[in-house]
Each structure stands twice: as C-alpha cells, then as structure tokens.
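Within every chain, numbering begins at 1; the chains are lettered A, B, ... in the order of the sequence lines, protein sequences first and strands thereafter. As the structure is a prediction and not an experimental result, all values here were calculated from the model.
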There are 2 protein chains.
Amino acid sequence: MTEFTSRRLEIDALRALWAIRHHGGITRAAEALGLSQSAVSHKIKRLETSLDCDLLSRKPGAAMFTAAGEDLLDYAGRILGLHDEALLSLSKTSLAGRVALGLTEDTTCTDLARILGRFRRLHPNVSVRTKVRMSLVLRGMLERGELDAAIVQVFAHEVRPTDVVLFREALHWVKHPDLPLSQDGPIPFLSFDDECFYRRWALDIGQDGGVVLETVFECASAAGIVAAVTSGLGVALLNGRHLQPDMEIIAKGLPAPPALAYVVRRGRKVRNPALDTLVAEIESEISRYGGLALAS
Amino acid sequence: MTEFTSRRLEIDALRALWAIRHHGGITRAAEALGLSQSAVSHKIKRLETSLDCDLLSRKPGAAMFTAAGEDLLDYAGRILGLHDEALLSLSKTSLAGRVALGLTEDTTCTDLARILGRFRRLHPNVSVRTKVRMSLVLRGMLERGELDAAIVQVFAHEVRPTDVVLFREALHWVKHPDLPLSQDGPIPFLSFDDECFYRRWALDIGQDGGVVLETVFECASAAGIVAAVTSGLGVALLNGRHLQPDMEIIAKGLPAPPALAYVVRRGRKVRNPALDTLVAEIESEISRYGGLALAS
DNA sequence: GATTACACATGACAAATATCGATCAAGGCA
DNA sequence: TGCCTTGATCGATATTTGTCATGTGTAATC
C-alpha cells in the first residue's frame with residue numbers, strides 16, 4: 001500500500017525538472033525557482049527514487065536527460081500546463097474586452113505563445129489582436145495609442161518602473177577570428193535593418209568614440225547577421241543567444257555595448273481589465289520560473 | 001513571492017477531491033484512500049486556503065461541491081489522468097501481444113473504459129479485443145479458452161483466490177409497496193433473461209424453501225426490471241444500485257439473497273504479459289481508490 | 001424535546017519530509 | 001597543475017502532513 005503513496009509525482013518536482021530543461025542545469029534552475037541548488041538536486045533525486053529510474057544522465061558530454069527523463073518531461077509539460085490553467089481558471093472573472101498586443105519576432109516563439117493561447121482559452125470573450133513588428137515600430141504604435149501593450153526590446157537603462165521585465169540580455173561586439181580590425185579605417189558593420197534600435201546606437205556612439213562604422217551589410221533577420229559574421233564580412237552587435245563557437249567577442253577598441261531588456265510596456269489607455277489580467281499572468285509566469293524561456 | 005509557492009495544487013489533494021466525488025463524501029473517500037477522515041478533511045481545507053475559495057459547500061441539501069469545486073474537479077480529473085499515465089509510461093516495457101477481454105454490460109460504463117483507453121494508448125502494439133456478454137456466457141467463454149480474462153459477476157462465496165475483486169454488491173428482493181405477497185400461491189417473479197446466473201439461483205433456491213416463483217416477466221436490461229417492479233408487476237432480485245425510493249425491500253418470506261462480487265477472472269492461458277500488465281493496472285487503480293467507481 | 005447517529009470540522013501533537021548552508025568530489029579549462 | 005563551475009551529500013532546522021481526540025451541526029427516532 002505504501003507503494004502508491006511513494007509513486008506520486010509532486011507538482012513542484014515536475015516544475016523543477018521543467019526548469020532544469022529550460023535553464024539548462026540544476027544550479028540555474030534553482031536560481032530561477034528561488035530555491036537553493038541542493039533543494040533542486042534533492043527534488044530530482046526524490047523523483048528518481050520514487051520512480052526507481054534515472055532522469056538526469058549526469059554524464060558530461062551526453063545529453064542532460066535520460067530517455068526516461070525526456071519522457072517524463074513531456075508529461076510534466078502537459079501536467080503543469082493543466083495545473084497552471086486550473087489555478088488561473090479559479091481566479092478568472094469572466095473577462096471581456098479587447099487587447100491589442102505588439103510583439104517582436106524574437107518573442108513569438110517563446111513561452112509567450114503558450115501564455116497567449118491559454119489566455120484565449122480562459123477568456124474567450126476577450127479578443128486578443130497581436131501585431132509582430134520591430135521594437136522601434138512597436139514603441140511608435142504604443143505612443144500613438146494603436147496598441148494597448150507591447151513586448152519590446154529596450155536598453156536596460158531605459159526600463160521604466162511600469163515596465164515588466166521578461167529577461168535581460170547582453171549585447172556583444174563580435175567578429176570572425178580571421179577578420180583583422182584596422183585601427184584607422186572604417187570598421188565594416190553588419191547591421192539589422194533601419195528600424196533596429198541598437199543599430200542606431202551603434203552608429204551614434206560610434207561617432208562619439210571616434211570610431212567610424214561603415215554599414216556593409218543589412219539584414220532583418222538574426223540568422224543573416226550570424227552568417228555574415230561567420231563568413232568574416234565584418235563586425236556585428238549580437239546578443240548572447242546568437243553567439244557561436246567560431247565567433248570572437250571584441251573586448252576592446254569599440255565602446256562597450258549597452259545591456260538590453262525585453263519588457264512588457266503598456267500604452268497610455270486608462271483602464272483595461274483584460275490587459276491587466278494578461279500582464280498579471282505573464283508576470284506570474286515570470287516569477288514562477290524566474291524569467292521567460294526563449295525557444296531553444 | 002510566497003504567493004506562488006502557496007498557489008500549488010497537490011496531486012494528493014486533487015485525488016482526495018476526486019475521491020470525494022466518486023464516493024460521495026469525505027468519510028467514504030478517506031476510507032477508500034486509506035486515510036483517516038480528518039486527514040482528508042484537512043487536505044481539502046488546505047486546498048481551499050491555498051486557493052482562497054470554497055470547494056465544498058457544506059450546506060445540507062445543496063450540492064456537495066461549489067461551482068469552483070466542480071470547476072477544479074474537472075481539471076483534477078484531467079491532471080490525475082495525465083499524472084497516472086505518466087507513472088505508467090515510465091514503467092512500460094514496450095508490450096506487444098493480444099488480449100481478449102470479456103465485459104458485462106454493467107461494467108462498460110465504469111472506470112474500466114478509461115483504463116482500457118489508457119492501456120491502448122500506452123501499449124499500441126497490444127491488440128485488445130473486448131466482448132460484452134452476460135456473466136454466465138463469459139464464464140463459458142473463459143472455460144473454452146475463447147477469452148484471456150473477463151470481468152464477471154459471481155456469488156461472493158464463489159470468488160477464487162486468483163480473482164481480482166472490483167467491488168462487492170448486495171442483492172435484494174424488492175417489490176412495489178402495494179403488491180401483496182400471498183403465502184400460498186406462486187410469487188410473480190420479474191427476471192433477467194435466461195442467462196442471468198442469479199435468476200437460476202432464484203429458481204433453484206426458491207424450490208428448496210418451499211416458495212414457488214413464477215416468472216411473469218423477462219427482460220435483459222435492468223431498466224426494464226426496475227420499471228416492472230415499480231409498476232407492481234411482481235418481485236425481483238436487484239442490486240443496491242438499482243434501488244428506488246418507491247421500492248420495498250422484502251425482508252422475510254423469501255430466502256436471503258446471496259452477495260455478489262464483480263471480479264476480473266483470468267482464463268487458463270499459461271503466459272500473457274500484456275494481460276498481466278492490464279490486470280496489474282486495474283488492480284493498481286482499485287487500490288488507489290479503494291474500488292472501482294460505477295457510472296453514476 | 002431529548003437522544004442517538006452520522007458526517008464533518010478543529011486543535012494538539014508526532015512523524016515524515018523539505019529546505020538550507022556548508023562541504024565535498026569531479027570535470028573542464030587556462 | 002590550480003582554478004572554477006556544477007552537482008552530490010550531510011547535518012540542522014522548518015515545514016508539512018497525518019492521527020487521535022474532541023467539538024459542532026443536522027437529521028432521524030423515541
């Protein structure tokens with residue numbers, strides 16, 4: 001009979017497992033969950049003992065999860081989804097209204113999609129309209145009242161008290177190791193398109209520091225920039241996610257790039273209960289996992 | 001921040017909620033779960049505190065669950081389904097083979113349907129073929145090796161050590177209050193059809209006790225018998241589930257009806273790992289909830 | 001209207017279990 | 001090699017969870 005009490009999956013343990021996958025490691029997961037590393041380690045251990053099988057491989061080089069771990073991870077995702085939806089549904093208040101939401105392309109394939117889907121399900125009377133644009137464009141639309149809120153990239157020092165920070169990110173100057181940087185001549189710059197707001201920073205600051213950047217390549221997608229960097233076309237500003245092994249971070253000679261943050265920024269509209277709820281759900285998800293996970 | 005740790009649904013608590021619905025009350029649920037009544041009461045209380053809303057109405061006469069309770073119950077069912085499936089999937093052993101299973105009509109709409117569905121999903125390489133027949137027929141098929149196992153109704157004293165008891169049931173002689181029972185003449189008997197094994201008991205025992213039963217009505221479905229009893233056509237043998245307010249249980253004048261049990265009875269086949277697993281899953285479900293629930 | 005039976009709530013306490021901080025072991029990397 | 005990061009482990013607390021004993025409210029019975 002004790003067999004059955006021991007064979008029970010704790011919600012918290014499943015969430016820990018999930019966080020380990022999301023954050024790539026026990027220590028980081030613990031941090032995100034607001035627990036100590038040993039607590040998370042123990043949680044997984046208990047889970048493994050109660051299931052009598054290994055979930056993490058603990059072998060360096062190999063994948064982090066065993067087959068059983070991956071298997072359980074799949075169930076964990078579904079169980080947690082239902083669990084969180086159950087929690088929300090108990091506090092729902094038959095919401096109705098409209099929400100016009102702006103997103104950057106980067107964030108569409110993160111947890112946000114999941115949250116938005118759930119929000120639709122829980123509040124069928126709220127019409128959510130989303131627009132995907134670049135951060136600068138979204139900010140303009142916010143200003144003009146065309147959006148109720150948007151998820152935009154901003155400089156870390158520009159984060160407003162009313163913004164909800166999803167995650168922070170560092171920018172790096174990168175180049176291919178083989179590309180020499182001459183001190184005098186203009187530096188070849190690989191740039192996102194015109195509306196990319198840190199491209200503007202690069203061109204402005206560049207002038208202050210006496211460094212001259214010459215845009216030799218312009219591409220709207222990160223993939224294009226990455227390809228251009230690895231083929232040695234020039235230097236670029238990339239965030240940590242896009243760093244590749246064959247890229248070299250330029251430590252000196254260029255002004256230190258600013259830190260970035262992805263935030264939920266609200267428009268000027270006075271009252272919008274549906275938006276309040278949506279933002280609250282995003283916030284809750286963030287504090288539960290210590291930030292949103294990016295698509296891997 | 002502590003708000004989020006407190007807002008967490010324990011699997012055990014959800015199972016308790018589910019058991020309360022299944023067994024119709026905290027005390028019975030506690031018994032089924034192998035816990036004390038106060039433990040279950042506490043569990044629900046904690047759940048309510050953490051959710052900050054009432055789940056059980058505690059008002060006599062009213063429904064047992066509040067709206068929020070019903071809401072959560074729905075999620076609980078789905079979460080527990082996933083949870084249990086996750087547990088099973090981790091111990092699955094890529095089963096293959098064939099199982100020929102017999103069922104009585106009564107049991108098709110119980111938890112068994114759910115268990116069979118899950119079994120199919122978890123073991124797609126096992127072909128499960130089910131046949132719905134009356135208990136006596138199923139027993140014959142078991143004898144002849146046409147079935148690997150069957151869920152049949154048997155007299156409680158005929159339960160074999162190898163049988164897995166799903167639940168037990170009492171039979172009652174019932175009649176309409178207005179129907180007089182003459183001591184001398186034959187008693188009008190409302191019977192299931194010929195293959196109903198306790199109809200045979202009724203006719204046999206009837207003769208021993210000097211009581212003469214005359215079958216005045218024959219119908220394969222319980223609903224038909226119920227209708228016949230309430231219209232005063234005669235007496236019948238019915239199980240507790242089919243008792244109605246306007247029926248009178250006949251305490252004397254007729255031999256005490258035997259107790260019944262629904263059991264999983266296996267056929268003679270030597271080895272069948274797929275069947276072993278299926279029976280094990282049914283057993284596990286039983287001990288988890290203290291018996292299978294009937295359709296309400 | 002007292003009484004009994006029943007189902008549930010509640011409080012105190014004991015046992016189990018989770019968490020933390022500190023420490024330890026192992027691998028990756030300069 | 002020595003440093004640094006990551007995760008395992010240990011002992012000490014803190015929290016959770018169950019049980020027992022008891023209290024409360026409701027209905028049925030005399």
Check: Side chains of B:R118 and B:L88: does their closest heavy-atom pair fall under 4.5 Å?
Finding: yes
Next item on the list: Specify the separation, in whole Å, of atom CD1 of A:I44 and atom C1' of C:dA18.
Entry: 14 Å
Check: Does A:K45 make a side-chain N or O approach to OP1 or OP2 of D:dA8 shorter than 4.0 Å?
Finding: no
Note to self: Measuring to OP1 and OP2 of C:dA9, would you say a side-chain N or O of B:S41 lies under 4.0 angstrom away?
What the structure shows: yes
Note to self: Could you tell me how far apart A:Q37 (CD) and D:dC10 (P) are, to the nearest whole angstrom?
What the structure shows: 14 Å
Next item on the list: Take the protein atom CZ of B:R46 and the nucleotide atom C1' of D:dT15, then report the distance between them rounded to whole Å.
Entry: 11 Å
Next item on the list: Looking at every strand, decide which applies to A:S38 at a 4.0 Å heavy-atom threshold: base, sugar-phosphate, or nothing.
Entry: base
Check: Quick one: is B:T27 getting a side-chain N or O under 4.0 Å of the C:dA7 phosphate, OP1 or OP2?
Finding: no
Notebook entry, point to check: Between atom CZ in B:R8 and atom P in C:dT19, what is the gap in whole Å?
Noted result: 8 Å
Next item on the list: Find which nucleotide of DNA chain C each of A:G34 and B:H42 is nearest to by heavy atoms, and output the residue with the more 5' nucleotide.
Entry: B:H42
Margin query: For a quick test of reading the model, state the closest non-hydrogen atom pair linking B:I79 to A:H83 and the distance between them.
Written below: CD1-CA, 3.6 Å
Check: With a 4.0 Å cut-off on heavy atoms, is B:E10 in touch with a base, just the backbone sugar-phosphate, or nothing at all?
Finding: sugar-phosphate
Margin query: Rounded to whole Å, how long is the line connecting atom CG of B:L35 with atom P of C:dA7?
Written below: 17 Å
Notebook entry, point to check: B:L56 CG to C:dC8 C1': how many Å, rounded?
Noted result: 10 Å
Item checked: A:E31 CD to D:dT5 C1', straight-line distance once rounded to whole Å -> 13 Å
Next item on the list: Over 60° means perpendicular and under 30° means parallel, so classify the ring planes of A:F155 and A:H157, tilted if in between.
Entry: parallel
Next item on the list: Would you please test B:C53 and B:L55 for side-chain contact (heavy atoms from CB on, under 4.5 Å) and show each step?
Entry: CA-CA 7 Å; B:C53 73; B:L55 297 172; 4.3 Å; yes
Next item on the list: Could you state the atom-to-atom distance from CZ of B:R28 to P of C:dC6 in whole Å?
Entry: 11 Å
Check: Is B:L238 close to B:M247 at the side-chain level, that is, under 4.5 Å between some pair of heavy atoms?
Finding: yes
Note to self: Students often get this wrong, so: under 4.0 angstrom with heavy atoms, is A:A39 touching a base, only sugar-phosphate, or nothing?
What the structure shows: sugar-phosphate
